[in-house]
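Worksheet: one structure, shown below.
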Amino acid sequence: MSATLEIRGMCKSFGGIVVADSIDLDLMAGRVLGLIGPNGAGKTSLFNLVCGVVKPDAGSVSLDGRSLEALPTYERARMGLARTWQNLRLFPSLSVMDNLMLGPRAYSADSLMDVFFRPSQIRAHEAEARDRALDILERTGLSPIAHSRVQDISFGQQKLVGVARALMNEARCLLLDEPMAGVEGQTYALIQKAVRDIAASGVAICVVEHNVAFIRDLCDEGVFMFAGKVLARGSVEQLINDPHLTELYFGT
Amino acid sequence: MDYVFTILILIGLFVILASSFDLVIGHCGLISIAHPIFYAIGAYISAMLSKQYGLPVPVSILCGGVGALLASALVAVPALRVSGDYLLIASIGFQLGLIELAKHFHEIGGAGGLTNIPSFLIKDFGRESYVVLVLVLAALTVLFIRWLTQGPYGRMMTAMRDDELAFSMLGRNAIWVKVAVFAIGSGIAGIAGGLYAHYFRFLEPDQFGLLQSSAVLTMVVVGGMRTTMGPVIGAIVLQLMPQVITFFNLPPSILGPLQGLLFTGLVLFFMFVRPQGLLPAADLWVGRKQQGDAGQSAKEARS
Ligand SMILES: Nc1ncnc2c1ncn2[C@@H]1O[C@H](COP(=O)(O)OP(=O)(O)OP(=O)(O)O)[C@@H](O)[C@H]1O
Ligand SMILES: [Mg+2]
């Protein structure tokens, strides 16, 4: 079976700091990979490199066998790459619902020609996106706050909106950057269930997380990153119990 | 009566200018103050096409709009590929450079100005008809911008203003949205330029400089950015205020400085006391109701 997302020889440094040191990584369809590592290991940077937010010094990424190298961020998203952000990055001037409405790979108003000359097509597109958004809001338990402003809901709910917005893409590959940080209680269970369901539908998922319990519950496999290098790949249990990695993780 | 007509026409034209400028700077968040240069391009193209090549005035006004639209895209595409901030510098450079160029270009009147521009008055109707035409077009512009910003395109502009990176990561092409909105706003300004040219029948490069940039900016800021009526009110207030003072029959030596003082005072007042303008914008974007919403509420009622 070939990988959904293939990262090959990814290299990047900022000044003297190496955040990616020839990283090779495969994400498989329907599997959840946990990306573990201490602060500053380069986990978020790896997501940025994959999404084209940061340009690599060397290396390549491909999605379903198609190279993403020459593509800007928005075209990568249109090919089925979706992510959430460690610092949320929701749109505060939009309601929860409208945050989601912008998420489909093809948006109703991407073409100005349609805006001006095909109003019926725009309406159909909007209705379709709205139905999908309502469905996702329902599944993530966000329906009651669909029309709230994102500043007016709890932090956990905001995290969930970030995930929900990424789901609008119907992505082939989903990157989640610390979806659990600051989240507790019911929302925790909701995010966990949402991620499981997406994986079950054949999406390749990579989760960065410091919450070990979450990683253990959810991930099929883990990789350990340190100083821009992938040091180990294996079962989460295996990585957690490796004394050498634990030492690197806690910096003792 | 002619005096009143002239003021009404200027109000109409500035409503068009201020509203289209608000589309660019307010709704889309594009920092550029070169809006009057696209007004100028529309005015000059329309004037020249009708004067030199005998094109019917309505056709030449439309050509002026298209010319302004294309010229603005020519500035925006390279500038926005560098960065959003770069647009400010590039567009001011374009504005001042083009004005300088026009002054030395005698075919279009040079620094002395372009005269004898064909008028667009329908014989038996007189000036009233032109007033009506301009005011109707101003109303249509306001309605068009409201329609655009309250639809799915407005949702895009709002999100892009909030967070461009997150916006791109959803698959939206930020550069294209910016270029498109900049071009639409500038094209509208170009049409207003043509309407100006064929009424006043005289154009001079210096009219379209930074002074006019700041006037249009003040209208939008005073009225209230990102509101439908804000730029309209701003245009009316700033157009009428200097007229009102002239009624006091003050000597010119006092009148000039007084007008300048009032303008500057107004800008300072609004900057410090009421930065949101007379009409504050809502902080939550709400699109217009669509047919789909009926289905939505039905579905919500069920759940
Ligand atoms: N755009 C940038 N310019 C300069 N340095 C950067 C940039 N982005 C990241 N870095 C640096 O690269 C290093 C790795 O950062 P990164 O955010 O990838 O770590 P991380 O593994 O996600 O850590 P955390 O667990 O804290 O989120 C850090 O030292 C950071 O300061
Ligand atoms: Mg990080």
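Keep in mind the model is a prediction, meaning the values are calculated, not measured. We name chains A, B, ... by the order of the sequence lines, and we start the count at 1 in each one.
- In terms of the side-chain hydrogen bond (donor to acceptor under 3.5 Å, both in side chains) criterion, residue partners of A:Y107 (sequence neighbours excluded) are, by chain and number, B:R155.
- The local environment of CE in A:M113 is sparse, with at most 12 non-hydrogen atoms from other residues, nucleotides or ligands closer than 6.0 Å.
- Interface with chain A: from residues 166-187 of chain B, residues B:A166, B:F167, B:S168, B:M169, B:L170, B:G171, B:R172, B:N173, B:W176, B:A180, B:I184 qualify, criterion being any non-hydrogen pair under 4.5 Å.
- Proximity to chain A at a heavy-atom threshold of 4.5 Å picks out nothing from residues 62-83 of chain B.
- For a residue to count as touching a neighbouring chain, one of its non-hydrogen atoms must lie under 4.5 Å from one of that chain's; by this rule A:T73 touches chain B with backbone and side chain alike.
- Residues B:Y153 and A:D110 are not in side-chain contact: their nearest non-hydrogen atoms beyond the backbone lie 4.5 Å or more apart.
- Remark: B:R146 CZ is loosely packed, at most 12 non-hydrogen atoms of other residues, nucleotides or ligands lying under 6.0 Å away.
- Summarising the geometry, atom CE belonging to B:M157 is positioned 13.0 Å from atom OG belonging to A:S93; distances are rounded to the nearest 0.5 Å.
- With a 4.5 angstrom heavy-atom cutoff, A:L88 does not touch chain B via any of its atoms.
- Atom CZ of A:R66 is surrounded by 12 or fewer heavy atoms from other residues, nucleotides or ligands within 6.0 Å.
- Inter-residue side-chain proximity for B:P152 and A:V115 is flagged as unmet; no heavy-atom pair is nearer than 4.5 Å.
- Options B:D283, B:L165, B:L148 differ in how many heavy-atom pairs under 4.5 Å they form with chain A, and the most are formed by B:L165.
- Side chain of B:D163 to backbone of A:F91: no donor-acceptor contact under 3.5 angstrom is found.
- A:F116 CZ: more than 12 foreign heavy atoms inside a 6.0 Å radius.
- Within residues 162-175 of chain A, the residues having any heavy atom under 4.5 Å from a heavy atom of chain B are, by residue number, A:R165.
- The environment of CD in A:Q186 is sparse: at most 12 heavy-atom neighbours from other residues, nucleotides or ligands sit within 6.0 Å.
- Listed options A:P72, A:P104, A:A82 were ranked by heavy-atom pairs under 4.5 angstrom with chain B; first place goes to A:P104.
- Here the CG-CE distance, from A:L94 to B:M156, works out to 12.0 Å after rounding to the nearest 0.5 Å.
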